[in-house]
Amino acid sequence: MPVARHRRTFPARRDALPQIGAFLSEVCEASSLGRQTCLRLTLLVEELFTNTVVHGHRGDSEAPVSLQCDVAPGRIALVYEDTGPAHDPFAHVVVPDGTADVDERPEGGLGVLLVSAMAQQVEYRRDGDRNRISLVVATGA
């Protein structure tokens, strides 16, 4: 079965999240992916996108965020690109100390931990002026 490629670009603005969700729903529907897979994919992208807007651009921006989903039997390969400052979000992923009190735990990092735990493969690289994050998500198919 050939790979189905879906690609779209969005502005790095919080109000683009509904359009991103609609795009991912279209990808899932066109590829007959189950609800759990679609929810997982949406959660991963929303976490990456929110980090781009809040931490990368320090707020809403017209800068492009590109999503590419290559769907094949049993997997989705996602390529997420933004033009924020160079930053590998996976370089310092730390599992929080579950025995520490909530106010003793460091702030942040849980979203990136979630992304890295939910994907089978995670890779970051700087490609020119772009951050490129590649993920592989199992579809259960």
message: Quick check: do P89 and N51 have side-chain heavy atoms less than 4.5 Å from each other?
response: no
- line: Rounding to 0.5 Å, atoms NE2 (H87) and OG1 (T52) come to a distance of 9.5 Å
task: To the nearest 0.5 angstrom, please state how far the CG atom of D70 sits from the CZ atom of R75.
output: 7.0 Å
- prompt: Are F10 and V45 linked, directly or through other ILVMFWY residues, by side chains that come within less than 4.5 angstrom of each other?
  reply: yes
message: Tell me the closest heavy-atom pair linking G56 and P85, and the distance in Å.
response: O-CD, 3.1 Å
field: With F49, the side-chain contact (heavy atoms from CB on, under 4.5 Å) member among D82, L44, V65, V54
entry: V65
query: If you group Ile, Leu, Val, Met, Phe, Trp and Tyr by side-chain heavy-atom gaps below 4.5 Å, do Y80 and L17 land in one group?
result: yes
- request: Establish whether L78 and Y124 are linked, either directly or via other cluster members, by ILVMFWY side-chain heavy-atom contacts under 4.5 Å.
  value: yes
field: Reported CZ-to-CG distance for the pair R126 and N131, which is rounded to 0.5 angstrom
entry: 4.5 Å
- request: Calculate, to the nearest 0.5 Å, the distance between atoms CG and CG belonging to L41 and L33 respectively.
  value: 8.0 Å
task: Indicate if I76 and V122 have the same hydrophobic cluster label, given that clusters are the connected sets of ILVMFWY residues with side-chain heavy-atom separations under 4.5 angstrom.
output: yes
task: Determine the minimum heavy-atom distance between C28 and C38, stating which atoms define it.
output: SG-SG, 2.7 Å
query: Does any N or O in the side chain of R125 come within less than 3.5 Å of the main-chain N or O of S134, such that one atom is a donor and the other an acceptor?
result: no
Test side-chain contact (heavy atoms from CB on, under 4.5 Å) applied to S66 - qualifying residues, sequence neighbours left out: R7, T9, E81, R130
query: Which heavy atom of S61 sits nearest a heavy atom of R13, and at what distance?
result: O-CG, 3.2 Å
- prompt: Would you say D129's side chain and T83's backbone share a donor-acceptor pair under 3.5 angstrom?
  reply: no
statement: Value for CG (L39) from CG (L24), rounded to nearest 0.5 Å, stands at 11.0 Å
statement: So CD1 of I20 and CG of L67: to nearest 0.5 Å the spacing works out to 6.0 Å
query: Which pair of non-hydrogen atoms, one from A138 and one from R40, has the smallest distance, and what is that distance?
result: O-NH1, 2.8 Å
statement: What one should report as the nearest heavy-atom pair of S31 and H6 is OG-NE2, 3.7 Å
